[in-house]
Asker: 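Handing you a structure now.
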Amino acid sequence: MEYMVDSNNIIINRLCDFDIEHILECGQCFRFYKKSDKDYIIVAYDKILRITQDKDEIVFHNIDEEDFNSIWIKYFDLERDYTSIKKILSDKDEHLHRAVTEKDGIRILQQDTWETLISFIISQNKSISHIKKLIEDISKRYGTYIGEEDEIKFYSFPTIEQLSQATEQDLRDLKVGFRAPYIADACRKVINDEVNLSRLADMNIADAKNELMKIKGVGPKVADCVLLFGAKRYEVFPTDVWVKRIMEHYYFENDTKIKVIHEFAVEHYGTLAGFAQQYLFYYARDFKIGKK
DNA sequence: GGCCAGGCCATCG
DNA sequence: CGATGGCATGGC
């Protein structure tokens, strides 16, 4: 990865297949704040990062080379060749071609598994803006203060040990509603090693999914999201209402079962199903494809 | 005020 | 099994 160091900033020129707006707004992550167009603050891995983009020049503000190399190259998946992925997907069919062309700057972030697990447990039956607020409140209450930016105090996402301090009632007080016992069960099973998050990346994909679904409140869709966004398992295809809508619109009739759609996608997109899903999801949501 | 939000669980036939 | 409510809360 070629980059320049300029005072406290790290600058990458001519990076293709990278659009910071697409990456952050496509629904895969929740801890980011838009300052203005292509100017964001991100909280991840106990760090605060301000990132700006002007066409193909990307600036990582106030970070050292060590963090850049050890955290942010992986986080932004900078070593993956998205041009090839996009070409393969575009050649599959015209629908995917359109989604990939429209949302050409998406990258799948490599996020922390634990944070992804709790985030997507929270995500069920919630709008993205509210998911963001709940995760923020949980971090403020149980995470660690990590610094200030624009006079806003930022807190890391709580560790397993930190979040395990919360009782079910504590969680209800944070307005997570019926998800409180789900989060509590995730804490319990992960801290007792009944569910092992560190092995998800290497397990057989069906086993990995079942491992996550041992947790109450984790079904097929949440498990797929954790595997894709938090465990680098790109062969999954999280099938939610938006993906169902766009798939019905392009490939099926209305009222097709999620199971049928899911099986088709895993077969049709293969090892790139996760990437395909994210282009389709963001495209569908942004243009309200298939929404009645 | 009703409806829906990146679903899942419990309960029923 | 497959289908159907119910679920906490907030925004529109």
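In what follows, chains carry the letters A, B, and so on, assigned in the order in which the sequence lines appear, proteins first and then strands, with residues in each chain numbered from 1. Not measured: the values here are computed from a predicted model.
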Asker: Have A:S164 and A:R188 got a donor and an acceptor in their side chains that come within less than 3.5 Å?
Answerer: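 No, because no side-chain N or O of A:S164 sits under 3.5 Å from a partner of the opposite role on A:R188.
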
Asker: Just call it for A:R285: base, sugar-phosphate, or nothing, with non-hydrogen atoms closer than 4.0 Å on any strand.
Answerer: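 No contact.
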
Asker: What nucleotide, of C:dA8, B:dG6, C:dA3, holds the atom closest to the side chain of A:D240?
Answerer: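 Minimum distance to the A:D240 side chain belongs to B:dG6.
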
Asker: Determine whether the side chains of A:Y3 and A:N69 contain a donor N or O and an acceptor N or O closer than 3.5 Å.
Answerer: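 The answer is yes; a qualifying pair exists.
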
Asker: Look at the side chain of A:K175 and decide which nucleotide, out of C:dT9, B:dC8, B:dG6, has an atom nearest to it.
Answerer: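 Nearest listed nucleotide: C:dT9.
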
Asker: With a 4.0 Å cutoff (strictly under), does any side-chain N or O of A:R245 reach OP1 or OP2 of B:dA5?
Answerer: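 Indeed, a polar side-chain atom of A:R245 lies that close.
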
Asker: Mind checking A:P238 for me? I need base, sugar-phosphate or nothing, with any heavy atom below 4.0 Å counting as a touch.
Answerer: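 The residue A:P238 makes base contact.
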
Asker: Side chains of A:E25 and A:Y40: any donor to acceptor distance under 3.5 Å?
Answerer: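 The answer is yes; a qualifying pair exists.
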
Asker: With nearest nucleotide decided by heavy atoms, which residue, A:K216 or A:Q277, maps closer to the 5′ end of DNA chain B?
Answerer: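 That would be A:Q277.
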
Asker: Should the pair A:K103 and A:Y282 be classed as cation-pi, given the thresholds of under 6.0 Å to the six-membered ring centre and 45° from the axis?
Answerer: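 A:K103 over A:Y282 ring: yes.
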
Asker: Can you check the A:D185 CG to B:dA10 P distance for me, whole Å?
Answerer: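 Computing the A:D185:CG to B:dA10:P distance gives 11 Å.
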
Asker: Is the aromatic ring centre of A:F120 closer than 5.5 Å to the centre of the six-membered base ring of B:dG6, with the two planes inclined by less than 30°?
Answerer: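 Not stacked by the 5.5 Å and 30° rule.
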
Asker: If you measure from the P atom in C:dA8 to the same atom in B:dT11, how many Å do you get, rounded?
Answerer: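 Approximately 14 Å lies between the P atom of C:dA8 and that of B:dT11.
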
Asker: Rounded off to whole Å, could you give me the CZ-to-P distance for the A:F178 and C:dA8 pair?
Answerer: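 Atom CZ in A:F178 sits about 8 Å away from atom P in C:dA8.
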
Asker: Between C:dT9, B:dG6, B:dC8, spot the one nearest the side chain of A:K126, thanks.
Answerer: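 Selected nucleotide (nearest to the side chain): C:dT9.
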
Asker: Could you check whether any side-chain heavy atom of A:I11 comes within less than 4.5 Å of a side-chain heavy atom of A:I58, counting everything from C-beta outward?
Answerer: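 When only atoms from C-beta onward are counted, A:I58 and A:I11 do not touch, as no gap falls below 4.5 Å.
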
Asker: From the list C:dG10, B:dG7, C:dA3, which nucleotide is the closest neighbour of the side chain of A:K221?
Answerer: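 Comparing C:dG10, B:dG7, C:dA3 against the side chain of A:K221, the answer is B:dG7.
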
Asker: Just how far is it from atom CG of A:L134 to atom CZ of A:F30, taken to the nearest 0.5 Å?
Answerer: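 If I round to the nearest 0.5 Å, the distance is 10.5 Å.
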
Asker: Is C:dG10 paired to anything, Watson-Crick or G-U wobble with both distances less than 3.5 Å, and if yes, which nucleotide?
Answerer: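 Because both required distances fall under 3.5 Å, C:dG10 counts as paired with B:dC4.
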
Asker: Separation of A:I122 atom CD1 from C:dC7 atom C1', in whole Å?
Answerer: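 For the pair A:I122 CD1 and C:dC7 C1', the rounded distance is 16 Å.
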
Asker: I'd like the P distance from B:dG6 over to C:dG6, given in whole Å.
Answerer: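 Approximately 22 Å lies between the P atom of C:dG6 and that of B:dG6.
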
Asker: Can you tell me how far C1' of B:dG7 sits from CG of A:L212, to the nearest Å?
Answerer: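 Rounded to whole Å, this separation is 15 Å.
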
Asker: Between C:dC7 atom P and A:N125 atom CG, what is the distance in whole Å?
Answerer: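 My rounded result for the distance is 12 Å.
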
Asker: Out of B:dG7, B:dA5, C:dA8, which has the shortest distance to the side chain of A:R172?
Answerer: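 In terms of side-chain proximity for A:R172, the closest of B:dG7, B:dA5, C:dA8 is C:dA8.
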
Asker: Rounded to the Å, how far apart are A:I128 CD1 and C:dG10 C1'?
Answerer: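 Atom CD1 in A:I128 sits about 15 Å away from atom C1' in C:dG10.
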
Asker: Over all strands shown, is A:G27 touching base, sugar-phosphate only, or nothing at heavy-atom distances under 4.0 angstrom?
Answerer: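 If one applies the 4.0 Å heavy-atom cut-off, A:G27 turns out to touch a base.
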
Asker: Tell me whether the side-chain N or O atoms of A:Q28 pair up with the base of B:dG6 as donor and acceptor below 3.5 Å, since no angle test is needed here.
Answerer: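 There is none.
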
Asker: Measure from CD on A:Q124 to C1' on B:dG6 and round the result to the nearest Å.
Answerer: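 Rounded to the whole Å, the gap is 10 Å.
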
Asker: Nearest whole angstrom, please: distance from the C1' of C:dC7 to the CD1 of A:I183.
Answerer: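 Rounded to whole Å, this separation is 14 Å.
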
Asker: Hey, does A:Y182 reach any base, or is it just sugar-phosphate, or nothing, if we go heavy atoms under 4.0 Å?
Answerer: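 Since only primed, P, OP1 and OP2 atoms lie under 4.0 Å of A:Y182, the category is sugar-phosphate.
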
